[in-house]
Amino acid sequence: MEQLKVGQVVKLDRGYPLVRLADGRTVRCEHATSLVKGADWRAVIGDKVEVDAPEGHDKGIIVSILPRTRAFVRKDPTERAVPQILAANFDRVFVAQPLSDVNTRRLERELVLACETGADVSVVLTKADLAEDDAHIAEVRDRVCALAGPDVEVDVVSTDDPASLEAVRAKVPEGVTAVLLGKSGVGKSSLVNMLVGEAIQETTPVREDGKGRHTTVSREMIKLPDGGLIVDMPGVRGLGLWDAGKGIETAFADIEAVAAQCKFRDCKHTNEPGCAVRAAVEAGEISEERFASYQALMQESEQVSERREEARRLRGEKASDIRAAKEARALHGAGKAGAKKRSRKRS
C-alpha cells in the first residue's frame, strides 16, 4: 500500500477540499467514511491532513486530521448548542471594518472571537480613502483603539497610501498564516488584491441598501509575495459565541481588571455592594456603552454554556467525556479516527 501523504487544506468551496501536499502538488480530496459518519470530523481551511491515494480512485481520501495549533470557532447558526470550526492552524486574525461605517457592536464581538483563538489580533480599517478628511480618520482610529485595547494593533488602509498596505503586509511574513475576518462589503477581497499586487479576488460593490454582497464564497489560502499566507474568509454574518470566556476577558481586559477589585468574587456588576465596575462606570472611567456590551456578551456566553450543559445531560454524557471531546474537536481533529483506520489496514 502506498504510504499516506501529509498535506494542508488550502481551499474549501462547494466541491471537494483542495489539499497541497508536501511536494507542492495539489489534489482534490474527499473525506474517508469514518470521518463523514461523525459530523464533527471534517477538515477545515488550514488543517494538516493525512491523505491516501487508492489505486483507481480519481480523488485523494482524507483519512485523518492532524492536531490543530488553534481554531476559529463560532456557535453553529443552525443549531442551539453545536460548535462550528471555520479555520485552523493560523497565527494572526485581521478583523476588517470600513473606516467610514464602523459597527462597534459587531467589532466587539469579532474581537472576542478572535482573541479566543489565542492568535495575534489586529484591526484593519479599510476604505480610508473615502473618509471626509484626516481629522475624521484620526477620530475613528482613536475610537477603535480605545475599544480594542492596548494589545490589539489598529491599521488604517488607503488605496493611495502604499505605506499603509506595507504595515499590514509586514504582519504576515514568510511562515505566518493570517485569517481575514469581516462581513461582506467591508473590503476584504480588495485588501487581499492590494496585498498581493494583482486582482486575484473578485470584488463587488456594496448594495444600495448598504448591505454587503457575498463576493467570496470559498475559503482559500493565498500566498503573499515574499510573505506568508492569508485566508480570505467569506463574509460571516452570524457570530454566535462559543466557549468565549477567555475571549471576553481579553477583549474587555480593562473591565476585567477593574472587576478584580470588586468586593465579591462572583459579582455580577448589577446591584451588589462594593462593585468596582459599577463605580468606574458611574465615574465615567468605563463608558456605559462598553459596559452594556460587556454585560450582553457575558450573558450570551453563559446562556450558551447552559444550553451545552442541558444538551449534554439529555445525551447522558459525563462532564469528563465532554472535556475530552472538546479537546479532540478543537485541537486534535480526527486524529484518533484516522489512527484506528490505519491500524485496521496494517493488521
Side-chain angles (χ1 to χ4, degrees), residues 70-76 79-83 93 95 103-121 123 142-154 238-327 329-331:
R70 58 175 52 93
F72 190 96
V73 186
R74 68 170 176 177
K75 185 172 73 70
D76 191 325
E79 299 286 347
R80 291 183 66 238
V82 177
V93 178
V95 178
N103 185 326
T104 302
R105 291 296 173 88
R106 180 181 173 93
L107 177 56
E108 288 171 338
R109 183 176 293 269
E110 289 170 331
L111 287 171
V112 166
L113 291 172
C115 290
E116 183 66 34
T117 68
D120 294 325
V121 180
V123 175
D142 289 346
R143 178 157 48 91
V144 171
C145 284
L147 184 151
D151 296 327
V152 176
E153 294 186 62
V154 178
L239 289 172
L241 303 184
W242 180 264
D243 196 21
K246 291 182 180 178
I248 293 175
E249 290 177 6
T250 303
F252 291 88
D254 55 337
I255 296 180
E256 288 289 326
V258 175
Q261 304 170 26
C262 289
K263 182 177 181 179
F264 300 106
R265 263 183 92 177
D266 60 347
C267 184
K268 299 296 183 182
H269 318 306
T270 52
N271 299 313
E272 295 87 348
C275 176
V277 173
R278 284 301 320 174
V281 172
E282 291 168 5
E285 297 168 5
I286 298 174
S287 73
E288 286 277 4
E289 183 181 15
R290 181 163 173 76
F291 176 63
S293 294
Y294 170 80
Q295 289 286 70
L297 291 170
M298 285 291 290
Q299 183 178 11
E300 179 182 339
S301 181
E302 291 171 1
Q303 289 174 346
V304 170
S305 296
E306 291 171 0
R307 289 171 184 166
R308 288 164 53 196
E309 179 63 20
E310 179 185 356
R312 181 189 68 78
R313 287 198 301 268
L314 291 174
R315 292 194 298 266
E317 296 173 345
K318 298 179 181 178
S320 58
D321 295 335
I322 290 294
R323 286 194 296 268
K326 173 186 170 183
E327 181 180 359
R329 280 194 295 267
L331 293 178

For [X] versus [Y], what's the shortest heavy-atom pair and its separation?
X    : Y    : value
M298 : I248 : SD-CG2, 3.6 Å
I255 : F291 : CD1-CA, 4.1 Å
R105 : S293 : NE-OG, 2.9 Å
A114 : V93  : CB-CG1, 3.7 Å
V277 : C262 : N-SG, 4.0 Å
V73  : L113 : O-CD2, 3.6 Å

Quick check for you: to the nearest 0.5 Å, what is the distance between K268 atom NZ and D266 atom CG?
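Result: 6.5 Å between the selected atoms.
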
Once you round to the nearest 0.5 Å, how far does CD of E153 lie from CG of D120?
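The CD atom of E153 sits 8.5 Å away from the CG atom of D120.
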
Stepwise, does the side-chain contact (heavy atoms from CB on, under 4.5 Å) test hold for L107 with E110?
CA-CA 5 Å; L107 177 56; E110 289 170 331; 4.0 Å; yes

Pair K263, E272 - check side-chain contact (heavy atoms from CB on, under 4.5 Å), show working.
CA-CA 9 Å; K263 182 177 181 179; E272 295 87 348; over 6 Å; no

Do V144 and V152 come close enough that some side-chain heavy atom pair is under 4.5 Å?
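Side-chain contact under 4.5 Å: no.
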
Could you give me the CA-CA distance, side-chain angles and deciding distance for V123 and L147, then say whether side-chain contact (heavy atoms from CB on, under 4.5 Å) is met?
CA-CA 11 Å; V123 175; L147 184 151; over 6 Å; no

With Y294 via ring-ring contact (aromatic ring centres under 6.0 Å, His included) - residues at least two apart:
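By the ring-ring contact (aromatic ring centres under 6.0 Å, His included) rule, Y294 matches F252.
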
For a quick test of your reading: what N or O donor-acceptor pairs under 3.5 Å do the side chains of residues 281-289 make, sequence neighbours left out?
{"from": "S287", "atom 1": "OG", "to": "R290", "atom 2": "N", "distance (Å)": "3.0"}

